[in-house]
Protein chains: 2
Amino acid sequence: MTLNITLQALSDPTRRKILEILKKKDLAAGELGKNFDMTLPSLSHHLNVLKQADLVTSRRRGQEIIYSLNLSVFEEIAEKLIKFFKKL
Amino acid sequence: MTLNITLQALSDPTRRKILEILKKKDLAAGELGKNFDMTLPSLSHHLNVLKQADLVTSRRRGQEIIYSLNLSVFEEIAEKLIKFFKKL
DNA sequence: GTATAATTTAGATAGTTGTCTAAATATCTA
DNA sequence: TAGATATTTAGACAACTATCTAAATTATAC
């Protein structure tokens, strides 16, 4: 994942809030939605951006789709950010 | 400066490149422009975004305006980023 | 003070993004 | 299989962003 896509995904408050909520526990899209004043399709859009950036993963559980932080990439992201800041 | 404004400023490749160039040395807007395939007014727009985000400072030197990294805020930014990632 | 140089500001435009409603898809249950 | 539930996809639209050209600003040099 490029630094570009990662930063772009992170540069939206709604998406950062999604990540913070998912930190506490994995949640279905609908449950997540209760935290936002926004329609589910809009939320779905943000979830998709986060997925494209590899920041979250999703799995189906019956009728629901459960979203989780993709913790495994966070180290890599932190590394990239540090590398970038070290250039500065 | 809010994390939001910082991340938004950083989430553009042109602006990150500006920061990397300024790392090496302070430069006038016109000198900076030689590194980009873009008109000076466009570059000026990006410089302004970086200034609003407090990532660069500028001073006049005769006819030129010299841009510099605002290194003093970088620690603060890194701190905010770390704090955010720690929530995750 | 007039011309030149460096940069920004103003205004226009095309592309991107966030949001919505409506429709489609996938799953479960009776 | 029909109906209900959860979510996404499609399509439209307004707001925002990056870019450009032309004009304005600021400073120097003659």
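First the proteins, then the strands, lettered A, B, ... as listed; each starts at 1. All values below were derived from every heavy atom in this structure, side-chain atoms included, with hydrogens, water molecules and symmetry-related copies excluded.
- Nearest to the side-chain atoms of A:Ser44 among the listed nucleotides C:dG18, D:dT9, C:dT8 stands D:dT9.
- One atom, CZ of B:Arg60, and another, C1' of D:dA27, lie 6 Å apart when rounded to the nearest Å.
- A:Ser58 and A:Lys51 share a side-chain donor-acceptor pair at under 3.5 Å.
- Straight-line distance from the CD atom of B:Glu64 to the C1' atom of C:dT8: 15 Å, rounded to whole Å.
- Atom CG in A:Leu47 sits about 16 Å away from atom P in D:dA6, given to the nearest Å.
- Nearest to the side-chain atoms of B:Arg15 among the listed nucleotides C:dT19, D:dA18, C:dT7 stands D:dA18.
- Scanning both residues, B:Gln52 and B:Ile5, for their nearest heavy atoms gives O-CG2, 4.4 Å.
- Within 4.0 Å (heavy atoms only), A:Tyr67 reaches sugar-phosphate atoms of the nucleic acid but no base atom.
- Between A:Gly30 and A:Leu40, the shortest heavy-atom contact is CA-CD2, 4.1 Å.
- Whole-Å rounding puts the B:Asn48 CG to D:dA18 P distance at 12 Å.
- What separates CD1 of B:Ile66 from P of C:dA5 is a distance of 18 Å, to the nearest Å.
- Checking the phosphate oxygens (OP1, OP2) of D:dT17, no side-chain nitrogen or oxygen of B:His46 falls inside 4.0 Å.
- Checking C:dT7, D:dC20, C:dC20 against every side-chain atom of A:Met38, the shortest atom distance belongs to C:dC20.
- For C:dG18, neither phosphate oxygen OP1 nor OP2 lies less than 4.0 angstrom from any side-chain nitrogen or oxygen of A:Ser42.
- Minimum atom distance to the side chain of A:Pro41 is reached by C:dA22, of the listed C:dA22, D:dT19, D:dT7.
- B:Ser68 and B:Arg59 form a side-chain donor-acceptor contact under 3.5 Å, judged by distance and modelled atom types alone.
- Across the protein-nucleic acid pair, A:Leu43 atom CG and D:dT8 atom C1' stand 11 Å apart, rounded to whole Å.
- The cluster map of Ile, Leu, Val, Met, Phe, Trp and Tyr, joined by side-chain heavy atoms under 4.5 Å apart, puts B:Phe36 and B:Ile65 in the same cluster.
- Heavy-atom distances to DNA chain C give each of A:Gln8 and B:Leu40 a nearest nucleotide, and the one nearer the 5′ end belongs to B:Leu40.
- The nearest whole Å value for the distance from the CG atom in A:Asp37 to the C1' atom in C:dC20 is 13 Å.
- We find that CG of A:Asn4 is positioned 15 Å from C1' of C:dT17, with the value rounded to whole Å.
- Between B:Thr39 and D:dC20, a side-chain N or O to OP1/OP2 separation shorter than 4.0 Å is present.
- Phosphate proximity of C:dT25 to A:Gln63: absent, as no side-chain N or O sits under 4.0 Å from OP1 or OP2.
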